[in-house]
Structures are given as C-alpha cells and as structure tokens.
Amino acid sequence: MRKTFSSDSDIVKRYLLLLAGLTIMSFGIALSIKADLGTSPISSAPYVISMFAPLSVGTVTILMHCIFILLQILILRKNYELIQLMQLPVAIIFGWLNDFALMMCRSVECNSYIQQWIFCAAGILLVAIGVSFEVKAKVLVLAGEGVVLALCQVLPVKFGHMKVAFDVTLVAIACVLSFTFLHGLYGVREGTLAAALFVGVIARYLGKLMDGWKLGEESI
C-alpha cells in the first residue's frame, strides 16, 4: 500500500497531527498512572520497570520501542521497509512526552476510589483521542502496533486478534516483573482491563467523527 500526498504542507500537517496525538496520549498515560488503578497494556511494563529500576517511564518506553523495532526487523527480515525506522525518533519523542506529562501531573492526587476512576476514565479518553489522531495522520504507526502488523504479515491471524494477544502478553510480562521485583501486583488493576476494553472502541468512534477532516489529497 503506497500513500502519496499532494504537497509538503500536507505531510507537515500529518506529522503535526501525529505529534498532537502522541502528546495527548502521554497525558492520558500520566493520568492513568496517577489514578493508580492500573495503566493501559502498552504502558504497564514501562511503569512497573520504572518502579524498581533507576529509569523513568519515558526512558523505559523508549527502550521498549527499540526492542519492538528490532522484533519487526527479525520478523520481516528482507521485507522490512527502512522507512519504518522513522519509528525510532517517534519513540524517543513519545518517551520524552511521557516524562513531561508525568512531570506536569505530579501534583495530581486521588483521595478516593471515585476520584481514581474519574482520572482513570479521563486517561482512557485521552489515550483514545491520541490513538485516533495517530491513525488519522496516516504517516506511520508506533512500534508496538508495528510488531502486531509484522506478525500479521507472517501469520494467518487478523489484526484485532493479534492485537489482543499482544496486549495480553505485555500485561503478563508486567505482572511477572511486578511479582518478581516488587513482590506484589503493581501497574495492573481494573483500570488496565477498562483501558483494554474501551480505548479501541472510543478511538474507532472518534475516527469516524474525524472522517470529514481534510489533510490534503492522498492516493492509496
């Protein structure tokens, strides 16, 4: 599938939309962490690792995305497209944004279970908005989705099913790391399940609302 854009300004608009999506997503992750009801599947392992290692959530996120890029190369081999290496600078920006969002939300406190769910719901909504922006931009996907797409290229599995399996694997890794190094379950709770159930649904709904947005002519 090949996309062509009518002008350089269209490409700039799309990358700005992607940047906006990453920023919104980062604040959603930060609110989920502050809610302390469990983070989204993709950020569960980085959060847990940041709790026992001298690394920030953003730094671990960057390292994790580097692993995802390497996995794509190993899975696709000669079919790997070098343009996908653009995922690396995007991963670095995303990691920085994660740490920036957490810094900006450092004063946020939840004093009741209801407040926790309010912030958790806000985090889920922001992550969904960020994902819908990423999809609408149509320039590239984050490395996590890249791994899922790569697996779908070599295995007879639909994207939706592979995405669920991938998310479950990430949550399982987070649980193992949590029990091994923290001797308890952290970063994975009812909020993690809520994020897994609703982020995709909300993002698809928002995507339909954004179908009328014009970012320039393209051919596929």
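Only heavy atoms go into these numbers, but all of them, side chains included; no hydrogens, no water, no symmetry mates. Residues take their numbers from the sequence shown, with the count starting at 1.
One distance of note links CG of Leu70 with CG of Leu74; it measures 4.5 Å at 0.5 Å rounding. Going from atom CG of Leu88 over to atom CD1 of Ile69 covers 5.0 Å, rounded to the nearest 0.5 Å. Here the CD1 atom belonging to Ile114 is positioned 12.5 Å from the CH2 atom belonging to Trp117, to the nearest 0.5 angstrom. Atoms OG1 and CD1, from Thr59 and Ile49 in turn, are 11.5 Å apart once rounded to the nearest 0.5 Å.
Listed by chain and number, the hydrophobic cluster partners of Val188 are Val171, Phe179, Leu185, where partners are ILVMFWY side chains within reach of under 4.5 Å, directly or through others. Through direct or relayed side-chain contacts under 4.5 Å between Ile, Leu, Val, Met, Phe, Trp and Tyr, Val176 connects to no other residue.
Using a 3.5 Å distance cut-off with no hydrogens or angles, the side chains of Gln115 and Glu109 do not pair a donor with an acceptor.
Pairs engaging residues 179-193 under the side chain to side chain donor-acceptor pair (under 3.5 Å) rule: Tyr113-Glu190 [sequence neighbours left out]. Every pair passing ring pair (Phe, Tyr, Trp, His ring centres under 6.0 Å) that includes a residue from residues 132-157 is listed here, sequence neighbours excluded: Phe133-Trp213. Evaluation of the salt bridge (charged side-chain N to carboxylate O under 4.0 Å, His left out) test over residues 66-95, restricted to residues two or more places apart or in two chains, returns none.
Considering every non-hydrogen atom in both Ser132 and Gly207, the closest pair reads CB-N, 4.3 Å. Closest approach of Leu142 to His65, counting heavy atoms only: CB-NE2, 4.3 Å. Scanning all heavy atoms of the two residues, the minimum distance from Val57 to Asp99 falls at N-OD1, 3.7 Å. Taking every heavy atom of both residues into account, Leu140 and Met86 meet most closely at CD2-CB, 3.4 Å. Closest of all the heavy-atom pairs between Val157 and Cys152 is O-SG, 3.5 Å. Closest non-hydrogen pair, Gln87 versus Gln72, comes out as OE1-NE2, 2.7 Å.
Under the 4.5 Å side-chain criterion, counting only non-hydrogen atoms from C-beta, Ser50 is not in contact with Leu55.
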* Begin with the C-alpha distance, continue with both residues' side-chain angles, and end with the deciding distance and a verdict on side-chain contact (heavy atoms from CB on, under 4.5 Å) for Met64 and Ile42. => CA-CA 10 Å; Met64 183 178 73; Ile42 193 67; 4.2 Å; yes

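Take Tyr47 and apply the ring pair (Phe, Tyr, Trp, His ring centres under 6.0 Å) test, not counting sequence neighbours, and it matches no residue. The side chain to side chain contact (heavy atoms under 4.5 Å, CB included) test applied to Ser107 returns no partner, not counting sequence neighbours. The ring pair (Phe, Tyr, Trp, His ring centres under 6.0 Å) test applied to Phe166 returns Phe68, not counting sequence neighbours. Considering only residues two or more places apart in sequence or on other chains, Lys163 meets the salt bridge (charged side-chain N to carboxylate O under 4.0 Å, His left out) condition with Glu145, Asp167. Applying the ring pair (Phe, Tyr, Trp, His ring centres under 6.0 Å) rule to Phe52 yields the partners Phe181; only residues at least two apart in sequence or on another chain are considered. Partners of Leu209 by side chain to side chain contact (heavy atoms under 4.5 Å, CB included), not counting sequence neighbours, listed by chain and number: Tyr205, Leu206.
There is a path of hydrophobic side-chain contacts, each under 4.5 Å, that joins Leu76 to Ile67. Hydrophobic cluster membership is shared by Leu155 and Val147, with clusters built from Ile, Leu, Val, Met, Phe, Trp and Tyr side chains linked at under 4.5 angstrom. Residues Leu97 and Leu63 share a single hydrophobic cluster, defined by chaining ILVMFWY side chains whose heavy atoms lie under 4.5 Å apart. In terms of hydrophobic clustering, with Ile, Leu, Val, Met, Phe, Trp and Tyr side chains grouped at heavy-atom distances under 4.5 Å, Val148 and Tyr80 are assigned to a common cluster. Transitive grouping of hydrophobic side chains (ILVMFWY, heavy atoms separated by less than 4.5 Å) keeps Val60 and Leu71 in distinct clusters.
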Using residues 15-41 as the side-chain source, report each donor-acceptor pair under 3.5 Å to any protein atom, sequence neighbours left out, with the distance given to one decimal.
unit_1, atom_1, unit_2, atom_2, d
Thr23, OG1, Leu19, O, 2.9
Ser26, OG, Leu22, O, 2.8
Ser26, OG, Asn98, ND2, 2.9
Ser32, OG, Gly28, O, 3.0
Lys34, NZ, Arg106, O, 3.3
Thr39, OG1, Ser44, N, 3.3
Ser40, OG, Ser43, OG, 2.9

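Shown here is Met104, whose CE atom has no more than 12 heavy atoms of other residues, nucleotides or ligands within 6.0 Å.
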